[in-house]
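Whatever order the structure lists them in is the order used to number ligands and atoms, beginning at 1.
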Amino acid sequence: MSEKTLCIIKPRAVKKGLTGKIIDNIIENKFKILAIKKTLIQKSTAEKFYAIHKDKFFYNDLIEFMTSGPCVIIVLEKVNAVENFRKIIGDTDSAKAKENTIRNKFGLNNRANAVHGSDSEKNFKKEFAFFFTNDDIIEV
Ligand code: CMP
């Protein structure tokens, strides 16, 4: 069934000019772009977005990184989009991600791993609401 997922191209990848290459890769994998924006995520937003990781040792580092420069945030659609997107991005740690995955090709490590992908449809809906409204979605 057709499903949506949220991709965030993270600050290091945006700064390094990798946005186009990452989007090419996503389109080659037959995802449809429904909405896209470049934005500097506010600290308060990042803290809420990543609240689930609040007790982890890397939380402060993660918030600092995600607010260190603009991100490109994309709503994607495909059959089983959540699972299929996680497959093409690879392991959270870029150093361990399989060859040819987005995190392997464009990321560096656990923190600077090029992209975020929603881990469930339920979380997609929560994440979507941080950055978009339904009026931003173009279904054609
Ligand atoms: P993301 O998919 O955005 O969701 C949670 C993020 O936590 C994850 O990608 C990683 O970038 C980040 N993360 C996980 N482990 C570590 C770590 N050891 N150090 C820094 N960041 C981490």
message: Give me the residue, atom name and distance of the protein heavy atom closest to atom 10 (C) of ligand 1.
response: Asn110 O, 3.1 Å
- line: atom 21 (N) of ligand 1: of His116, Arg111, Lys56, Glu127, the nearest heavy atom sits on Arg111
query: Looking only at side chains, do Asn80 and Asn84 share a donor and an acceptor under 3.5 Å apart?
result: no
task: Determine, using heavy atoms of Arg86 and all atoms of ligand 1, whether some pair is separated by less than 4.0 Å.
output: no
- prompt: Strictly by modelled atom types, are Asn113 and Lys10 linked by a side-chain donor-acceptor pair under 3.5 Å?
  reply: yes
query: Are Lys78 and Phe31 in a cation-pi contact, defined as NZ or CZ under 6.0 Å from the six-membered ring centre and within 45° of the axis?
result: yes
task: Could you tell me whether a side-chain N or O of Tyr59 sits under 3.5 Å from a main-chain N or O of Tyr50, the two making a donor and an acceptor?
output: no
message: Assess, by modelled atom type and distance only, whether the side chains of Asn25 and Asn29 contain a donor and an acceptor separated by less than 3.5 Å.
response: yes
- prompt: Can Met66 be said to touch ligand 1, with heavy atoms closer than 4.0 Å?
  reply: no
message: To check your reading of the model: name the closest protein heavy atom to atom 6 (C) of ligand 1, its residue, and the distance in Å.
response: Leu62 CD1, 3.8 Å
message: If we set the cut-off at 4.0 Å for heavy atoms, which region of Asn113 has an atom near ligand 1: side chain, backbone, both, or neither?
response: side chain
message: Closer than 3.5 angstrom, by distance alone: can the side chain of Arg86 be matched with the main-chain N or O of Gly117 as a donor-acceptor pair?
response: yes
- line: shortest atom 14 (C) of ligand 1-to-protein heavy-atom contact is with Phe58 CZ, 3.6 Å
Ligand 1 atoms in contact with His53 (distance to a heavy atom under 4.0 Å): 5 (C)
task: Using the six-membered ring wherever Trp is involved, compare the ring planes of Phe58 and His53 and label them parallel, tilted or perpendicular (cut-offs 30° and 60°).
output: tilted
task: If the plane angle is over 60° it's perpendicular, under 30° parallel, otherwise tilted; pick one for Phe132 and Phe128.
output: parallel
- line: atom 4 (O) of ligand 1 sits nearest the protein heavy atom Tyr50 CE2, 3.5 Å
message: Under 4.0 Å, heavy-atom basis, I'd like to know which part of Thr92 is in contact with ligand 1: side chain, backbone, both or neither.
response: side chain
message: Once you restrict to heavy atoms under 4.0 Å, what part of Lys10 touches ligand 1? Side chain, backbone, both or neither.
response: side chain
query: Is Phe65 touching ligand 1 with its side chain, its backbone, both, or neither, if touching means heavy atoms under 4.0 Å apart?
result: neither
